[in-house]
Amino acid sequence: MPNAAPHTATTLADAILAGHPRAIARGISLVENNAPEATDLLKRMFPHTGRARVIGLTGAPGAGKSSLTDKLAQVYVDRGQRVGIVAVDPSSPFSGGAILGDRIRMPKLATHPRVFIRSMATRGNLGGLARATTEAVLLLDAAGYDVVIVETVGVGQDEVDIVKTADVTAVVVVPGMGDDVQSIKAGIMEIGDVFVINKADRDGVERTQLELEALLELAVRPDGWHPPIVRTIATATPPVGLEALAEALDSYLTFVAQHPDARARRRQQILEQRLVELIRDQLLRHAWQRVLGDGLLKDAVARIANRELDPYTLADYVVQRVLK
Ligand SMILES: Nc1nc2c(ncn2[C@@H]2O[C@H](COP(=O)(O)OP(=O)(O)OP(=O)(O)O)[C@@H](O)[C@H]2O)c(=O)[nH]1
Ligand SMILES: [Mg+2]
């Protein structure tokens, strides 16, 4: 947003640390757009992070993730905590539309002073979504939110990567999915620390529970944690099972606190992966600025197509130029 308020990095950083929602929104826009000022902002924010509990919520489209997020946030708000919500909506090219959608689905919370809601859209930015979402969570953490809930659709590697960075992840299924319970097992079964059978007002709850239990028995976790299964009805008044869900999430966090090794490997992997991505992005940015920006790539592609040049030589050439 080039015409946004003329914050200097310092005042924007201070405003975010002070928890001002408009500053947080602006900070998230900067990281979402990969703006040049974003890096300095993130450097300043990082020392203030590590306090928020980050909860990942994932599952099939329409499973009730937004409804659950809304009601779960309410549980924490009722406990006097501040809650940040990041809804990742890969299907929507318009983040404005997504925000509107989630505001409509979360009408009570959208205006609550202790709640911050933000939707992230991919805008066709491959790979950028996981980075931008991680950084949005980082900003909310620095801004002092006690809990940050990240909602993603459980399809695609990007979405799995996003919830992997959470401190605890809940996978949402619904009764009568049948084959769907099977189909989710490949990608996201192993990242569920807690399983939720939402829409428990529907037929087939028992069967889904049995199927889930059978799958979980097959997938023995190296950390020794047995993921609990919680049944919820997010749309009931009052909602059913939300306290139990909050307790299940808490129990895993307590388990991790008591078994520091349980998550060490995952944490290390995530940190390594994030560092590698950051370095790769920076190198690529240098390559664009110093070598590729002037149309070299187009020329090169034409020459490669004619077999005048091979891609390996070109890649070597670009890397040598960046390193010089
Ligand atoms: N019967 C019943 N319907 C529910 C329940 N929870 C959510 N729904 C409905 O299911 C539909 C989808 O709910 P959402 O919360 O938007 O689901 P979502 O998983 O966030 O959907 P996407 O973000 O589009 O993938 C809505 O019409 C909800 O009202 C429930 O516990 N029982
Ligand atoms: Mg949703």
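Counting convention: from 1, in listed order, for ligands and their atoms alike. Atoms considered below: every heavy atom in the structure, side chains included; atoms not considered: hydrogens, waters and symmetry mates.
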Quick one: does [X] get an N or O within less than 3.5 Å of an N or O on ligand 1?
X: Ala200; result: no
X: Gly62; result: yes
X: Arg202; result: no
X: Ile233; result: no

Item to complete: Answer with side chain, backbone, both or neither: which part of Asp201 has a heavy atom less than 4.0 angstrom from an atom of ligand 1?
Response: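 For Asp201, the contact with ligand 1 is made by the side chain alone.
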When the side chains of residues 222-233 are checked against the rest of the protein, which donor-acceptor pairs come out under 3.5 Å, sequence neighbours left out?
from   : atom 1 : to     : atom 2 : distance (Å)
Asp223 : OD1    : Arg221 : NE     : 3.2
Asp223 : OD1    : Trp225 : N      : 3.0
Asp223 : OD2    : Arg221 : NH2    : 2.9
Trp225 : NE1    : Asp193 : O      : 2.8
Arg231 : NE     : Gln209 : OE1    : 3.0
Arg231 : NH1    : Glu206 : OE2    : 3.3
Arg231 : NH2    : Glu206 : OE1    : 3.4
Arg231 : NH2    : Glu206 : OE2    : 3.3
Arg231 : NH2    : Gln209 : OE1    : 3.2
Thr232 : OG1    : Asn198 : OD1    : 2.8

Discussion item. Distance under 4.0 Å to a non-hydrogen atom of Ser66: what atoms of ligand 1 satisfy this?
Written reply: 15 (O), 18 (P), 20 (O)
Discussion item. Under a 4.0 angstrom heavy-atom cut-off, which atoms of ligand 1 come close to Pro61?
Written reply: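 Checking each atom against Pro61, I get 25 (O).
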Discussion item. Report the atom name of the nearest N/O/S atom of Glu151 relative to the Mg ion (ligand 2).
Written reply: OE2
Fill in: Ser66 backbone or side-chain N/O/S under 2.8 Å from the Mg ion (ligand 2)
yes
Between the side chains of [Y] and [X], is the shortest nitrogen-to-carboxylate-oxygen separation below 4.0 Å, so that they form an ion pair?
X: Asp250; Y: Arg53; value: yes
X: Arg44; Y: Asp14; value: yes
X: Asp310; Y: Arg303; value: no
X: Glu243; Y: Arg79; value: yes

Discussion item. Quick test of your reading of the structure: of Asp70, Thr69, Thr235, whose heavy atom lies closest to atom 4 (C) of ligand 1?
Written reply: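 Comparing heavy atoms across Asp70, Thr69, Thr235, the nearest one to atom 4 (C) of ligand 1 lies in Thr235.
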Worksheet entry | Side-chain hydrophobic cluster, 4.5 Å single linkage: members besides Leu271 | none
Discussion item. Hydrophobic clustering (ILVMFWY, side-chain heavy atoms < 4.5 Å, transitive) - are Phe46 and Ile24 grouped together?
Written reply: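 Same hydrophobic cluster.
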